[in-house]
Student: 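Pasting a structure here, questions to come.
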Amino acid sequence: MNWKIIGMTLGLFGILGGSGFAAAGSGRSDVAERNYKTAMAEQSLGLEKTDPELEAMMKGYIYGDIMEQARLTRREQHLVTIATLTASGAQDLLEKNVRGALTDGVTPLDVREAIYHLAPYIGFPKVLTAMERVNRVFKEEGVKLPLENQAATTDGDRLEKGLAFQVATYGERIVTMRKNTPANQKHLQDDLSAFCFGDIYTRRSLDLKTREMLTVAAIGTLGNDEPQFKSHVRGYLAAGATEDEVIGVLTVLNPYVGFPRTLNNLRAANEAFPKK
């Protein structure tokens with residue numbers, strides 16, 4: 001076992017932890033309880049009568065450690081959490097976290113757009129299931145549905161606008177990739193440009209940096225496509241994110257995806273970071 005690599009990895013999390021590891025002493029439970037009430041209001045996790053130790057462990061880790069460590073705003077942490085719970089299909093926790101996010105100042109439009117954004121990455125079934133739970137919360141909170149339209153393309157210009165967005169964001173390599181695509185596969189490249197980037201990325205409300213953050217969160221949660229993950233880490237950085245913010249996304253994912261996937265994502269992210 002290479003303890004040097006393990007030590008470097010844990011050291012990286014420690015450097016980014018900042019106030020999070022400072023909270024690990026006697027005040028950690030107080031920090032966790034305070035952060036939990038801020039992020040989740042008065043909701044119960046539903047474990048206090050059957051598994052109080054598990055509840056304390058979960059609260060302590062997510063709200064005493066992770067929430068303090070991640071170099072993201074509270075809004076960003078909420079949106080990343082919503083993205084990973086949607087991508088993993090954790091509907092009960094998603095519903096609780098959406099209710100908490102609304103209480104903590106995240107707008108209904110931000111919540112909805114964060115979930116709509118995931119359709120090209122996780123597929124429509126998970127998005128539809130998630131929106132059933134989200135709309136239930138919206139109705140309970142008195143949010144009038146449907147929310148306002150955010151589309152910025154039409155059937156006539158979605159491919160053109162999507163391709164223009166791709167090239168502007170990821171460079172001329174997109175043109176080369178399309179040119180080298182076999183004829184019987186070209187429709188999939190057109191679909192990528194028109195749907196993922198024309199229908200989704202051009203939508204109003206969320207800016208490019210937030211959309212790339214959500215994409216990194218979704219692909220990192222799935223943990224099954226390293227080239228796409230690296231590409232969107234670079235896209236997130238190009239949109240204005242720092243390396244600390246990338247690692248902040250991975251930190252927020254950690255309690256929901258586990259350490260093997262977190263450390264695999266961290267390795268891939270390190271390979272995508274510009275060489276010092």
Student: Between Asn97 (side chain) and Ile82 (backbone), is there a donor-acceptor pair under 3.5 Å?
Tutor: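 Not at all, since once roles are kept as given, no pair shorter than 3.5 Å links the two residues.
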Student: Are side-chain N/O atoms of Gln166 and Ser193 paired as donor and acceptor at under 3.5 Å?
Tutor: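 There is such a pair (donor and acceptor under 3.5 Å, judged by atom type) between the side chains of Gln166 and Ser193.
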Student: If the plane angle is over 60° it's perpendicular, under 30° parallel, otherwise tilted; pick one for His117 and Tyr201.
Tutor: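 Judged by the thresholds at 30° and 60°, the geometry between His117 and Tyr201 is perpendicular.
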Student: Does one side chain, of Thr251 or Asn254, offer a donor that lies under 3.5 Å from an acceptor on the other?
Tutor: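 Looking only at side-chain atoms, Asn254 and Thr251 do not form any donor-acceptor pair under 3.5 Å.
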Student: Report the C-alpha separation of Glu68 and Val31 in whole Å, then their side-chain angles, then the decisive distance to 0.1 Å, and conclude whether the side-chain contact (heavy atoms from CB on, under 4.5 Å) test is met.
Tutor: CA-CA 9 Å; Glu68 292 286 297; Val31 171; 3.8 Å; yes
Student: Using only heavy-atom distances, determine whether the side chains of Thr38 and Asn35 contain a donor-acceptor pair under 3.5 Å.
Tutor: no
Student: Donor-acceptor pair, distance only, cut-off 3.5 Å: does the side chain of Thr81 make one with the backbone of Gln77?
Tutor: yes
Student: Salt bridge between Asp190 and Lys186, side-chain N to carboxylate O under 4.0 Å?
Tutor: yes
Student: Should the pair Asp65-Arg28 be classified as a salt bridge under the 4.0 Å nitrogen-to-oxygen rule?
Tutor: yes
Student: Using a 4.5 Å cut-off between side-chain heavy atoms of Ile, Leu, Val, Met, Phe, Trp and Tyr, which other residues end up in the same hydrophobic cluster as Leu159?
Tutor: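 Besides Leu159, the cluster holds no residue at all.
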Student: Please confirm whether the ring centroid of Tyr236 lies under 6.0 Å from the ring centroid of Phe273.
Tutor: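 They do not qualify: ring centres at least 6.0 Å apart.
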Student: If you count every heavy atom of other residues, nucleotides or ligands that lies below 6.0 Å from Glu271 atom CD, does the total exceed 12?
Tutor: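 More than 12 within 6.0 Å, yes.
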Student: Is the NZ atom of Lys37 crowded by more than 12 outside heavy atoms at less than 6.0 Å?
Tutor: no
Student: I'd like to know if the side chain of Glu245 reaches the main chain of Arg71, judged simply by a donor and an acceptor atom lying under 3.5 Å from each other, with no hydrogens or angles considered.
Tutor: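 Flag not set: sc Glu245 to bb Arg71 has no pair under 3.5 Å.
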Student: Would you please name every residue forming a salt bridge (charged side-chain N to carboxylate O under 4.0 Å, His left out) with Arg99, sequence neighbours left out?
Tutor: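 Result, salt bridge (charged side-chain N to carboxylate O under 4.0 Å, His left out) vs Arg99: Glu95, Glu140.
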Student: Do NZ/NE/NH1/NH2 and the carboxylate oxygens of Glu226 and Arg267 come within less than 4.0 Å?
Tutor: yes
Student: Students often mix this up, so state it plainly: with edges at 30° and 60°, are the rings of Tyr170 and Phe197 parallel, tilted or perpendicular?
Tutor: perpendicular
Student: Kindly indicate, with the supporting measurements, whether the criterion side-chain contact (heavy atoms from CB on, under 4.5 Å) is fulfilled by Glu76 and Leu79.
Tutor: CA-CA 5 Å; Glu76 290 169 335; Leu79 293 180; 5.8 Å; no
Student: Does the pair Glu113/Arg204 count as a salt bridge with the N-to-O cut at 4.0 Å?
Tutor: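 Salt bridge flag = no for Arg204 with Glu113.
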Student: Have Ser44 and Glu48 got a donor and an acceptor in their side chains that come within less than 3.5 Å?
Tutor: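 Side-chain D/A pair, Ser44 to Glu48: present.
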Student: Please step through ring-ring contact (aromatic ring centres under 6.0 Å, His included) for the pair Phe229 and Tyr121, ending with a clear verdict.
Tutor: CA-CA 11 Å; Phe229 180 78; Tyr121 304 102; over 10 Å; no
Student: Check each of Asp199, Thr153, Thr202 against Arg158 using the side-chain hydrogen bond (donor to acceptor under 3.5 Å, both in side chains) test, and report the only one that passes.
Tutor: Asp199
